[in-house]
Amino acid sequence: MDKKIVEPITVLYAEQELSIPEVSVYGEKFCAEIMQEVEKYGLRVAGPWVFISYNLPKNGKDRYRAEFCLPIANGDDYAGGLFPIKSLSRFSCAFVEYNGKQRQLFTKGYQPLVREIVTAKMNFTGESREVYHAWIGPNSPENRIEIQFGVA
């Protein structure tokens with residue numbers, strides 16, 4: 001586990017209330033629709049996808065708010081589109097990079113990081129992020145996902 005401060009970034013995003021098992025369904029849907037808007041409006045992608053969770057539950061049944069965010073460099077060129085734009089706030093976090101298949105993301109990525117944060121007696125802010133540095137597919141061992149938990 002490492003700590004860092006993520007500086008603000010401007011994103012085009014979609015918001016959805018969902019449960020953990022629904023993330024991949026909505027992620028696939030919204031990512032495709034957001035990319036269509038990027039192409040339609042000539043937006044410039046300025047970084048990897050960021051999936052944000054607010055008060056991520058400890059089980060697969062409870063619902064929570066998630067945002068599917070794509071950093072963009074020229075948001076002023078986007079008017080009248082399907083999705084809103086906002087600036088993500090400065091974000092202090094504990095993080096780890098997970099490499100592997102999607103089905104092991106929680107057991108081999110999230111759980112060890114949460115244990116380290118608890119052991120270090122850090123306070124969770126309720127916001128967590130997944131940064132998709134490389135996404136090959138759900139069964140690829142070559143996926144690289146940075147898991148970030150907001151800490152106070």
Side-chain angles (χ1 to χ4, degrees), residues 1-57 63-106 108-110 112-114 116-117 122-152:
M1 171 187 76
D2 291 309
K3 283 183 65 181
K4 69 178 175 181
I5 304 239
V6 178
E7 294 301 325
I9 53 173
T10 300
V11 297
L12 186 63
Y13 75 102
E15 183 176 358
Q16 182 69 42
E17 184 178 295
L18 44 70
S19 63
I20 291 171
E22 296 174 308
V23 170
S24 60
V25 173
Y26 284 104
E28 190 174 311
K29 173 189 180 319
F30 287 133
C31 290
E33 291 173 356
I34 287 172
M35 286 309 296
Q36 288 174 349
E37 292 289 279
V38 164
E39 292 173 20
K40 180 179 177 180
Y41 289 89
L43 301 175
R44 288 190 318 273
V45 174
W49 284 96
V50 179
F51 290 8
I52 302 175
S53 299
Y54 298 95
N55 300 310
L56 187 66
R63 300 185 77 70
Y64 67 100
R65 185 168 59 98
E67 295 174 346
F68 303 88
C69 306
L70 183 63
I72 55 171
N74 57 335
D76 293 340
D77 296 344
Y78 186 70
L82 297 175
F83 298 99
I85 290 177
K86 72 175 180 177
S87 180
L88 299 180
S89 300
R90 195 167 197 244
F91 184 65
S92 174
C93 65
F95 72 98
V96 67
E97 186 172 291
Y98 167 77
N99 298 291
K101 299 177 182 182
Q102 182 180 19
R103 71 181 149 91
Q104 297 172 322
L105 180 64
F106 280 93
K108 293 189 175 181
Y110 273 82
L113 178 56
V114 167
E116 287 187 56
I117 293 169
M122 294 183 210
N123 294 318
F124 291 90
T125 64
E127 179 179 342
S128 59
R129 299 179 181 184
E130 294 176 3
V131 181
Y132 286 80
H133 295 291
W135 176 256
I136 312 304
N139 296 316
S140 175
E142 297 177 28
N143 295 322
R144 286 189 312 109
I145 303 164
E146 184 176 320
I147 302 166
Q148 303 173 342
F149 274 98
V151 292

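The structure displayed is predicted, hence computed values, not measured ones.
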Return the CD1 to NZ distance between Ile34 and Lys29, rounded to the nearest 0.5 Å. 9.5 Å

With distance as the sole test, does Asn123 use its side chain to make a donor-acceptor pair with the main-chain N or O of Ala152 at under 3.5 Å? no

Are there more than 12 heavy atoms of other residues, nucleotides or ligands under 6.0 Å from atom CD of Glu28? no

Over all heavy atoms of both residues, which pair between Leu18 and Ala66 is shortest? Give the atoms and the distance, please. CD1-CB, 4.0 Å

For side chain to side chain contact (heavy atoms under 4.5 Å, CB included), just list the numbers for Glu116 and Val96, CA-CA rounded to whole Å, side-chain angles, deciding distance to a tenth of an Å, and then say yes or no. CA-CA 10 Å; Glu116 287 187 56; Val96 67; 5.9 Å; no

Among Thr10, Asp76, Val11, side-chain contact (heavy atoms from CB on, under 4.5 Å) partner for Ile85: Thr10

What's the shortest heavy-atom distance between Pro71 and Cys69, and which atoms? CD-O, 3.8 Å

Is the number of heavy atoms from other residues, nucleotides or ligands within 6.0 Å of NZ (Lys40) greater than 12? no

Relative to each other, are the rings of Phe51 and Trp49 parallel, tilted or perpendicular (30° and 60° limits)? perpendicular

Could you go step by step and tell me if Ile20 and Phe106 meet the side chain to side chain contact (heavy atoms under 4.5 Å, CB included) rule? CA-CA 10 Å; Ile20 291 171; Phe106 280 93; 3.8 Å; yes

Return the CZ to SG distance between Phe68 and Cys31, rounded to the nearest 0.5 Å. 7.0 Å

Does the side chain of Leu82 come within less than 4.5 Å of Glu33's, by heavy atoms? no

Does the pair Phe149 and Tyr110 meet the rule for a ring pair (Phe, Tyr, Trp, His ring centres under 6.0 Å), with working shown? CA-CA 9 Å; Phe149 274 98; Tyr110 273 82; 5.6 Å; yes

Heavy-atom check, side chain of Tyr64 versus side chain of Asn55, under 4.5 Å: no

Report the C-alpha separation of Val114 and Phe124 in whole Å, then their side-chain angles, then the decisive distance to 0.1 Å, and conclude whether the side chain to side chain contact (heavy atoms under 4.5 Å, CB included) test is met. CA-CA 9 Å; Val114 167; Phe124 291 90; 4.2 Å; yes

Rounding to 0.5 Å, atoms CD (Gln16) and CZ (Arg63) come to a distance of 7.5 Å

Considering non-hydrogen atoms only, spot the tightest contact between Val38 and Leu70 and give its length. CG2-CD2, 3.7 Å

Got a salt bridge between Arg144 and Glu146, using NZ or NE/NH1/NH2 to carboxylate O under 4.0 Å? no

Any donor-acceptor N/O pair, Arg129 side chain to Gln148 backbone, under 3.5 Å: no

Compare every heavy atom of Tyr41 with every heavy atom of Ala79, then report the nearest pair and how far apart it is. O-CE2, 3.5 Å

Report yes if the side chains of Glu130 and Tyr98 come closer than 4.5 Å at any heavy-atom pair, otherwise no. no

I need the His133 NE2 to Asn99 CG distance, nearest 0.5 Å. 10.0 Å

Between Pro48 and Val131, the two heavy atoms sitting closest are CG-CG1, 3.5 Å

d(Ile9 CD1, Lys86 NZ) to nearest 0.5 Å is 10.5 Å

Identify the heavy atoms of Val151 and Ala94 that sit nearest to each other, and give their distance. CG2-N, 3.9 Å

State the CG-CD distance between Leu88 and Glu127, to the nearest 0.5 angstrom. 7.5 Å

Please check this pair: side chain of Asn143 against backbone of Gly137, looking for a donor-acceptor N/O pair closer than 3.5 Å. yes

Could you walk me through whether Ile145 and Gln102 pass the side chain to side chain contact (heavy atoms under 4.5 Å, CB included) check? CA-CA 9 Å; Ile145 303 164; Gln102 182 180 19; over 6 Å; no

